[in-house]
Structures are given as C-alpha cells and as structure tokens.
Asks: 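Supplied in structure tokens, the structure appears directly below.
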Amino acid sequence: MAKYRIAWLPGDGIGVDVLEAARIVLDKVGLDAGYIAGDIGWEFWRREGDALPRRTIELLEGVDAALFGAITSKPAKTAAAELAPALQDRGLTYRSPIVRMRQMFDLYICLRPCKAYPGNALNFKEGIDLVVFRENTEDLYSGVEFAPVPRELADMLGKLAKPFTPFAKLPLDQYAVSCKINTRTGSERIVRAAFDFARKRKRKKVTVVHKANVVRATDGLFLEAAKAVAKDFPEIGMDDANVDAMTMWLLKNPFNYDVLVAPNLYGDIISDLCAQMVGGLGFGCSGNIGAKLAVFEPTHGSAPKYAGQHKVNPIATILATKMMLDWLGEGSKAAALENAVAQVIKEGKVRTYDMRGTSTTLQMAEAIAEEL
Ligand SMILES: NC(=O)c1ccc[n+]([C@@H]2O[C@H](COP(=O)([O-])OP(=O)(O)OC[C@H]3O[C@@H](n4cnc5c(N)ncnc54)[C@H](O)[C@@H]3O)[C@@H](O)[C@H]2O)c1
C-alpha cells in the first residue's frame, strides 16, 4: 500500500491541464502515493445541483492531503439558470465549493508564499520573498448573507444600530447585507500560525493587515488578538497597517515586509498583489491548511478561455505541489522540486505564454521533471 493517499481534484477549465502537469513532477520526484480522483466543480453543480458532492467530502475525510486545480464560479442567479432542467425550481443555491471545503474541514490557514525566483523577467523586483497568512474560514466569507433582506433583520438593525438609519427607509429588495464575522479564536490562531512560521523559518517580522480605524468591531478584535499573540514571540518584530495603505507600501517598499497576516478578504486581496509582484497568476500557489487536512492549489481560477489548450503556466500548481510535499514531511523532495523550478526559471529556455514564450503546460512540467 502507498504511504500517502492524496485526493486528486482537477475541477474545471485549466484546473485539468495544470494537474496533469503536477502529476508529471510528482511521478518524477517519486512520492509514494496513491492519487484518488474526486469530483468538484461546475459540471457537478449543473448535473447534480452540488459542486462539492457528498462522495467528494467522504473522500476528503480519508486522505492525507489534496491537490486541487480550479473551479468555475458564477453569481447565484446565473448558477441557478444553468442547472439541469430537472433541478430548476428546487431552491438550490450555489456556493463556491472551495469556500465550503475550507469551512467544512476547518482549513483555517491560507498560506501563500510569494517568492521572486531569480531571473524571472516577470518579477516586479528581484529578491521579493513575502509570505501571506490569510484567515480562511471567517470574515466576509462567512456565507451569512441576505438579498433581499428579511423584515426581522431590518427591524433588528433599526433597533440596535444607529448608523443603519439611512438604510431603514429602503425597500427590502433594494439593498443586501453580507455579514463580516470574526472570532477571537479564529483571529488568534491565524496570527499564531504566522508567528510560529516566522519563528521556525527565522523570519524577522510579522505585519498585521486590517482596517481597524473604520471597521472597528471585527478588525478591532483581529488587531487586539494579534497584539496579544505577538507577546509570546518577543524575538519577532510586529507592526500593523491599514489594508489600503498596505497595498501602496507593498508596491513602494516590498523589502520592508516579510510575513503578512490578515483577515480573509484583505488576505485574498494582498496575496493577489504579492503574486503579481513575483510573476502573476502563473506563479501564485496556496495551501489551505487545517489540523487534520490540507488542500493545496494554485491561486488562479479556471481561465475558461484557455481550458484544454495546455497553454497556461503550471508553475503555480507545481509550487503548490512543493508546499504539499513540505506539509507531508517530505522536506527533501520539496526542496528538490523547488530547486528544479528555480533552475528552469533561471535558464529561461522553457517559457509559457505568460513568460513571453511558446512552451506548453506539459513542456514546462517536463523541463522541471528533467531538472529533478
Ligand atoms: N480557486 C479557484 O478555483 C478560483 C480562483 C479564482 C477564480 N475562479 C473562477 O475561475 C473563473 C475564471 O476567473 P477569472 O478569469 O477571473 O480568473 P482566472 O484566474 O481563471 O484567469 C484570469 C486570467 O489570468 C491568466 N491566468 C490564470 N492562470 C494562469 C496560468 N496558470 N498561467 C498563465 N496565465 C494565467 C489568464 O490570462 C486568465 O485569463 C471564474 O469562474 C472564477 O470564479 C476560481
């Protein structure tokens, strides 16, 4: 029997292409694993009314880790309209399966390293090496949303919140409410994960990203929790910044930052910015990590216009594979894979379209496998 059971979730569009590429390097690196295919994505929503079917949840309950490609998501009304005729009018509501997976398995850490590999012509600046810790289960992604707004909620808000007064006059179908919910436990544990990482990797500073000057309740709690956790890590510096200023500072002085930690939405935004500084979506990798399970993925989506063309860059997914190897405790395989990626980038002979080359997805994977 293989040492590891890995759930294999290609999903939609280019998710299929990039996972095919990941398999080439995994086979070459010689991971002793069984890969079990799982259903996820748009087709399962259309055909079955569930983008994350029960059988996939059961698969995830029994694996060591999962590698995930990408899914197509669409707004609620479009999603409902695309359901198979037999499923129409059943009141099914589409929710992103990756967001559901994160919440269902309590994958509370979204870890996004953003490293400029030397010689990548797409680097914003050479030497950038940022690591983003994004809280992954709470905040504006809680899924507690109302459109139209129920009467009881409007009445309650009218009674409890003075700033609600201008909205109270509106018809209930003329506004919507999405709840930003942040817990003390959720805030503390993501900040602790960032500091633990900084300690283990000998990083110098953790920057807490928030908007506590305006979003006082939830971001105030996040910042307060962060300051309390930081006291347990006296050897690591801590500072904080408002998310809007952070985007500006990151572009201006990326070398002033090291490890960044943020609530869900801000983390999502700044990690895309950081990914762009090290080559763009073809390089952005991500780990959704909980106590028992971790799901690794590229940060990009399903890019439908490139689906099945084997044109996109698989490096993001291959770096996510490297993260998976690290998480499984296969540090030397992870390091070898990262070196191989760095070598191919440095040589610059094999380049996909985003790197201004003509190599295919699989040619890139094969070049990396050859370096191993
Ligand atoms: N985690 C996920 O699965 C995830 C993340 C983001 C978006 N999505 C979904 O994906 C679909 C398409 O969304 P989108 O077009 O906004 O974003 P996207 O990330 O799919 O693609 C945007 C553009 O980025 C470029 N790109 C993406 N990946 C690349 C790669 N590996 N190499 C080179 N270039 C790459 C392409 O030019 C592409 O058209 C939507 O349905 C969206 O909801 C899913």
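Note that this is a predicted model, so its numbers are computed, not measured. Both counts, for ligands and for their atoms, begin at 1 and track the order of listing.
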Asks: Judged by non-hydrogen atoms, does T317 sit under 4.0 Å from ligand 1?
Replies: no
Asks: Which protein non-hydrogen atom lies closest to atom 2 (C) of ligand 1, naming both residue and atom, and how far is it?
Replies: H300 O, 3.8 Å
Asks: Taking both backbone and side-chain atoms of T299, is any N or O found less than 3.5 Å from an N or O belonging to ligand 1?
Replies: no
Asks: Go through it in stages, so that I can follow the logic: the residues are K28 and E366, the test is salt bridge (Lys or Arg N to Asp or Glu O under 4.0 Å), and I'd like the CA-CA distance, side-chain angles, deciding distance and then a yes or no.
Replies: CA-CA 9 Å; K28 187 69 192 285; E366 274 148 17; over 6 Å; no
Asks: So which heavy atom in the protein is nearest atom 20 (O) of ligand 1, and how far is it from that ligand atom?
Replies: A303 N, 2.7 Å
Asks: Quick one: nearest non-hydrogen protein atom to atom 39 (O) of ligand 1, plus distance?
Replies: K305 CE, 3.5 Å
Asks: Just so I know, are the side chains of R189 and D106 near enough to count as touching, which here means a heavy-atom distance under 4.5 Å?
Replies: yes
Asks: Which heavy atom of I345 sits nearest a heavy atom of F283, and at what distance?
Replies: CD1-CE2, 3.8 Å
Asks: Just so I know, are the side chains of P298 and C285 near enough to count as touching, which here means a heavy-atom distance under 4.5 Å?
Replies: no
Asks: Are K227 and E224 close enough for a salt bridge, meaning some N to O gap below 4.0 Å?
Replies: no
Asks: Counting heavy atoms only, name the option from N313, D354, T361 that's nearest to atom 31 (N) of ligand 1.
Replies: N313
Asks: For the pair K200 and D196, find out whether any cationic side-chain nitrogen is under 4.0 Å from an anionic carboxylate oxygen.
Replies: no
Asks: Is the ring pair W8/Y35 parallel, tilted or perpendicular, if the boundaries are 30 and 60 degrees?
Replies: perpendicular
Asks: If you measure every N or O of G282 against every N or O of ligand 1, does any of those distances drop under 3.5 Å?
Replies: no
Asks: Quick test: of every protein heavy atom, which one is nearest to atom 37 (O) of ligand 1, and how far off is it to 0.1 Å?
Replies: Y353 OH, 3.1 Å
Asks: Taking 4.0 angstrom as the limit and counting only heavy atoms of E297, give me the atoms of ligand 1 inside it, by number and element.
Replies: 1 (N)
Asks: Is S302 in polar range of ligand 1, meaning some N or O pair under 3.5 Å apart?
Replies: yes
Asks: Which atoms from ligand 1 have a heavy atom of I14 less than 4.0 Å away?
Replies: 28 (N)
Asks: Any protein heavy atom sitting closer than 4.0 Å to atom 16 (O) of ligand 1?
Replies: no
Asks: Is there a heavy atom of P304 sitting under 4.0 angstrom from any atom of ligand 1?
Replies: yes
Asks: So does K333 pair up with D326, basic N to acidic O under 4.0 Å?
Replies: no
Asks: Check this for me, if you would: do K180 and D219 make a salt bridge, where the nitrogen-to-carboxylate-oxygen distance has to be below 4.0 angstrom?
Replies: yes
Asks: When you compare the side chains of D17 and Q309, does any donor N or O come within less than 3.5 Å of an acceptor on the partner?
Replies: no
Asks: Look at atom 19 (O) of ligand 1 and say which protein heavy atom is nearest, naming residue and atom and giving the distance to 0.1 Å.
Replies: G301 N, 2.7 Å
Asks: Among R112, R134, Q276, find the one that has a side-chain hydrogen bond (donor to acceptor under 3.5 Å, both in side chains) with S271.
Replies: R112
Asks: Out of D268, I40, L281, whose heavy atom is nearest to atom 22 (C) of ligand 1?
Replies: L281
Asks: For ligand 1, which atoms, with element, lie under 4.0 Å from some heavy atom of A70?
Replies: 3 (O)
Asks: Identify the two heavy atoms, one from Y117 and one from N123, that lie closest to each other, and give their separation to 0.1 Å.
Replies: O-ND2, 2.9 Å
Asks: Less than 4.0 Å from atom 13 (O) of ligand 1, is there any heavy atom belonging to the protein?
Replies: no
Asks: Report yes or no: does a heavy atom of Y306 sit under 4.0 Å from some atom of ligand 1?
Replies: yes
Asks: Tell me, which protein residue and heavy-atom name are nearest atom 9 (C) of ligand 1, and how many Å apart are they?
Replies: I71 O, 3.1 Å
Asks: If you have a sec, work out which protein heavy atom is nearest atom 30 (C) of ligand 1 and how many Å separate them, to one decimal?
Replies: V312 CB, 3.6 Å
Asks: Please evaluate residues F133 and F197 with respect to the criterion ring pair (Phe, Tyr, Trp, His ring centres under 6.0 Å), reporting the C-alpha separation (whole Å), side-chain torsions for both, the decisive distance (0.1 Å), and the verdict.
Replies: CA-CA 10 Å; F133 277 78; F197 175 93; 5.3 Å; yes
Asks: Check whether any N or O atom of T72, backbone or side chain, sits under 3.5 Å from an N or O atom of ligand 1, and answer yes or no.
Replies: no
